[in-house]
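Keep in mind it's a predicted model, so treat the numbers as computed, not measured. Throughout, a chain's letter reflects where its sequence line sits, starting with A, and its residues are numbered from 1.
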Number of protein chains: 2
Amino acid sequence: MTDPAATAEAAAASSSRGRSGNGRVGREPYDIAAVLDIAVSAFNEFGYDATSISILAERLGTSKSAIYYHVSGKEDLLRLALDRAIGGLEAVLQLEEASVGNAEARLQFVVRGAVRVLVDDLPYVTLLLRLRGNTEIEREALERRRTFDHAVAILVDEARAEGSLRADIDARTTTRLLFGMINSIVDWYRSGGALTREQLADDVIAVAFGGLERR
Amino acid sequence: MTDPAATAEAAAASSSRGRSGNGRVGREPYDIAAVLDIAVSAFNEFGYDATSISILAERLGTSKSAIYYHVSGKEDLLRLALDRAIGGLEAVLQLEEASVGNAEARLQFVVRGAVRVLVDDLPYVTLLLRLRGNTEIEREALERRRTFDHAVAILVDEARAEGSLRADIDARTTTRLLFGMINSIVDWYRSGGALTREQLADDVIAVAFGGLERR
DNA sequence: GTCTATATACCGATAGAC
DNA sequence: GTCTATCGGTATATAGAC
């Protein structure tokens, strides 16, 4: 349905809209995206629990009350952020290329799409991947992540069935190791360096499917 | 110098010593290991910041003051825990097998050793891997982790130089993807299941070095 | 060594002025 | 829509009795 790159561009555009300009808006306050960007950045830096509304207010150059005018509370910010992250991953599975062709090609497409979402929405996905599931909101996001993982595991199964992937390792273990590699990207990749998003995706696919050894 | 398995066994023995028995001890209060086990478990469950001394006291069946008698504060518990985790990984590099033979064999030995430490000290390494570096203690642990990663990156370089590993992907990226896969183990592996520690290490090495594709 | 009680500070969230 | 002031609650850490 939605292209992950297009989704990321739209999100980036809305978040860079800034706090100036005060025209009327449909239903959302103007700069909730800016608040969310600041919040996610702080959540990743200090952890969700350790990030106080006061810190967010300070970074936004405003007061606690001003934030409470826009969102109903700290958990609201978390919910919005997690929805964006997991929504991006889910969108990959809805793309046409994830459903046509042989299983290995579909799996590689999903891997590439996941890498793109990780890079494009890096702070948001970082937040998602570090969840512990202590609140209802976090548990809902983790449940959606499990559903995503399950869909990928099915792809792995199909690729094994068609003879593309090795069958000597449990499919669940395979999926977890594969996404362990992919998800670790949020811990070190930063855009703007020598390694582009597409090159990173190429490398991940080369290592994961081809292995580290020279062939 | 120290075998990681032996280290883990000693740690497990000391931590299971329990809180009974009140004989004299050399210099440490008797059950600091028990306090540490409880603390690390809680830190992983709620996050370090969100874990209060009150919670620890409750889980230990004692009072806050009793904990403060044993440790100087919450950060002290964190420091002890992180030292155990990173110490276990560093010990792998000191083993003889990490220094003899061809580079690929040495790299595979380090990978296997790291998996063993992750499994044997799972809660401790989990804590280490989720650090954000907001306190001096955390930054010191992260610095030691960087040194460890650097040593592994050198091994990767040597394995490439000897022609064992593929050279089309940056060595630093290779190392990060490799350890991304390894480190993800703490997010899903639980001992006691069908997958043993050594089988897991075999799978990691098979996937990382051989790739997912059928050969 | 462990306890209760408390000091001091900050938390999330709200009230009400403007 | 943003502000200051404040509520009730909890945090780390300590004092001092036992």
Side-chain angles (χ1 to χ4, degrees), chain A residues 17-43 45-82 127 132 134-138, chain B residues 17-36 38-40 42-43 45-81 132 134-138:
Chain A
R17 196 187 291 148
R19 297 175 61 246
S20 60
N22 215 6
R24 212 122 23 86
V25 266
R27 58 175 206 269
E28 289 287 335
Y30 218 103
D31 48 7
I32 188 165
V35 175
L36 198 55
D37 273 357
I38 296 282
V40 169
S41 169
F43 290 165
E45 192 174 336
F46 306 116
Y48 172 70
D49 289 290
T51 303
S52 67
I53 301 286
S54 305
I55 292 175
L56 299 184
E58 195 176 314
R59 294 198 171 188
L60 282 162
T62 182
S63 66
K64 290 198 291 178
S65 303
I67 294 176
Y68 276 106
Y69 179 82
H70 290 285
V71 295
S72 71
K74 208 166 80 162
E75 285 209 323
D76 204 25
L77 289 168
L78 181 63
R79 188 176 47 75
L80 289 168
L82 295 179
L127 186 64
R132 265 175 267 257
N134 294 313
T135 68
E136 195 52 40
I137 289 167
E138 295 179 42
Chain B
R17 196 189 288 146
R19 299 176 60 245
S20 60
N22 215 4
R24 211 117 30 82
V25 267
R27 60 173 203 270
E28 288 288 335
Y30 220 103
D31 48 10
I32 187 164
V35 174
L36 200 54
I38 295 282
V40 169
F43 291 165
E45 191 174 337
F46 307 115
Y48 173 70
D49 289 290
T51 303
S52 68
I53 301 286
S54 304
I55 291 175
L56 300 183
E58 194 177 315
R59 294 198 172 187
L60 282 162
T62 182
S63 67
K64 291 196 289 179
S65 303
I67 293 176
Y68 276 104
Y69 179 83
H70 290 285
V71 295
S72 72
K74 209 166 79 162
E75 284 209 323
D76 203 27
L77 289 168
L78 182 62
R79 188 178 46 76
L80 290 169
R132 266 174 267 257
N134 295 313
T135 68
E136 195 51 41
I137 290 168
E138 294 180 42

Using whole Å, what does the distance between atom [atom2] of nucleotide [N] and atom [atom1] of [X] come to?
{"X": "B/Phe46", "N": "D/dA11", "atom1": "CZ", "atom2": "P", "answer": "11 Å"}
{"X": "A/His70", "N": "C/dA13", "atom1": "NE2", "atom2": "P", "answer": "16 Å"}
{"X": "B/Ile67", "N": "D/dT14", "atom1": "CD1", "atom2": "P", "answer": "14 Å"}
{"X": "B/Tyr68", "N": "C/dC3", "atom1": "OH", "atom2": "P", "answer": "15 Å"}
{"X": "A/Leu56", "N": "C/dC10", "atom1": "CG", "atom2": "C1'", "answer": "15 Å"}
{"X": "B/Ile32", "N": "C/dG1", "atom1": "CD1", "atom2": "P", "answer": "12 Å"}
{"X": "A/Asp49", "N": "D/dT12", "atom1": "CG", "atom2": "P", "answer": "12 Å"}
{"X": "A/Leu78", "N": "C/dG12", "atom1": "CG", "atom2": "C1'", "answer": "15 Å"}

Nucleotide nearest [X] when distance is taken to its side chain, options [options]:
{"X": "A/Tyr69", "options": "C/dC3, D/dG1, D/dC3", "value": "D/dG1"}
{"X": "B/Lys74", "options": "C/dT2, D/dC3, D/dT12", "value": "D/dT12"}
{"X": "B/Ser65", "options": "D/dA13, C/dT4, C/dG1", "value": "C/dT4"}
{"X": "A/Ser63", "options": "C/dT2, D/dT4, C/dC11", "value": "D/dT4"}

Could you tell me whether B/Ser72 contacts a base, only the sugar-phosphate backbone, or nothing, with contacts defined as non-hydrogen atoms closer than 4.0 Å?
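Nothing, no heavy atom under 4.0 Å.
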B/Ser54 side chain N/O closer than 4.0 Å to the phosphate oxygens (OP1, OP2) of D/dT10?
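So the side-chain polar atoms of B/Ser54 never come under 4.0 Å of the phosphate oxygens OP1 or OP2 of D/dT10.
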Contact under 4.0 Å: A/Ser52 side-chain N or O vs C/dC11 OP1/OP2
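Answer is yes, contact under 4.0 Å.
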What distance separates [X] [atom1] from [Y] [atom2], expressed to the nearest 0.5 Å?
{"X": "B/Glu58", "Y": "B/Ile55", "atom1": "CD", "atom2": "CD1", "answer": "7.5 Å"}
{"X": "A/Ile38", "Y": "A/Leu77", "atom1": "CD1", "atom2": "CG", "answer": "11.5 Å"}
{"X": "A/His70", "Y": "A/Thr62", "atom1": "NE2", "atom2": "OG1", "answer": "7.5 Å"}

Would you indicate whether the side-chain heavy atoms of B/Leu56 and B/Val35 approach each other to under 4.5 Å?
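SC-SC contact between B/Val35 and B/Leu56 ruled out.
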Which is more 5' along DNA chain C, the nucleotide nearest B/Lys64 or the one nearest A/Ile53? Just name the residue.
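Looking at DNA chain C, the more 5' nearest nucleotide goes with B/Lys64.
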Is a side-chain N or O of B/Lys74 found less than 3.5 angstrom from the main chain of B/Tyr48, in a donor-acceptor match?
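Present.
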